[in-house]
Amino acid sequence: MPERHASSERSTALVAVGHAGSVLLLEAATGRIVWERALTELPAGMPCEGQPVAVRLIDSTVIAACMGQVFALSADDGSLLWQINRRGRGDGATSIAIERD
C-alpha cells in the first residue's frame, strides 16, 4: 500500500519520479515523498520489477509506463485509476508524450 500524507500538508508543486519499477510523488519544494507505489503491486505489473519507468504528471493523474504497461495513478494517494497492457509488442521500452511536451 502506498505511503499517504494529508493533501493539506503538501505544497502545490509536485514531481513524479519513475525508478526501478516504482513511482514516487514528491513535493518539489522539500523533496518529501507524498507516496510511493511499486508497480509490481498492480495487476500484470510483475514485468516492471527493477525496470526503468517513464512518468508524466498531468493535472491530478500520474501516468507511468514500463515494459509495455501503462498505468494511471491518482496524484492524491497513488491508487490505480486504469491500466493498459501492451506487453509482447516490442522490446519493452515504453515512452510517454503529452500535448505539452
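Within the model, atoms CD of Glu27 and CG of Leu14 stand 7.5 Å from one another, a figure rounded to the nearest 0.5 Å. Once rounded to the nearest 0.5 Å, the distance linking CG of Leu42 with SG of Cys66 reads 11.0 Å. Considering CE of Met67 and CE of Met46, their distance stands at 12.5 Å, rounded to 0.5 Å. Atom CG of Asp77 sits about 8.5 Å away from atom CH2 of Trp35, to the nearest 0.5 Å. Put simply, CD on Gln51 and CG on Leu39 are 11.0 Å apart, with the number rounded to the nearest 0.5 Å.
Of the possible polar contacts, one joining the Gln69 side chain to the Ala44 backbone as a donor-acceptor pair under 3.5 Å is found. Using a distance-only test at 3.5 Å, with no hydrogens or angles considered, no donor-acceptor pair links the side chain of Trp82 to the main chain of Leu73. No donor-acceptor pair under 3.5 Å is formed between the side chain of Gln83 and the backbone N or O of Val70. Judged by distance alone, with hydrogens and angles left aside, the side-chain atoms of Arg37 form no donor-acceptor pair with the main-chain N or O of Val23 at under 3.5 Å.
Of all heavy-atom pairs spanning Leu25 and Ala75, the tightest one is CD2-O, 3.2 Å. Minimum interatomic distance between Ala64 and Val53 (heavy atoms only, all atoms of both residues): CB-CG1, 3.9 Å.
Between Leu57 and the choices Val62, Val15, Ile63, the side chain to side chain contact (heavy atoms under 4.5 Å, CB included) rule is met once, by Val62.
Looking at Thr61 and Asp59, their side chains never bring a donor and an acceptor atom within 3.5 Å of each other.
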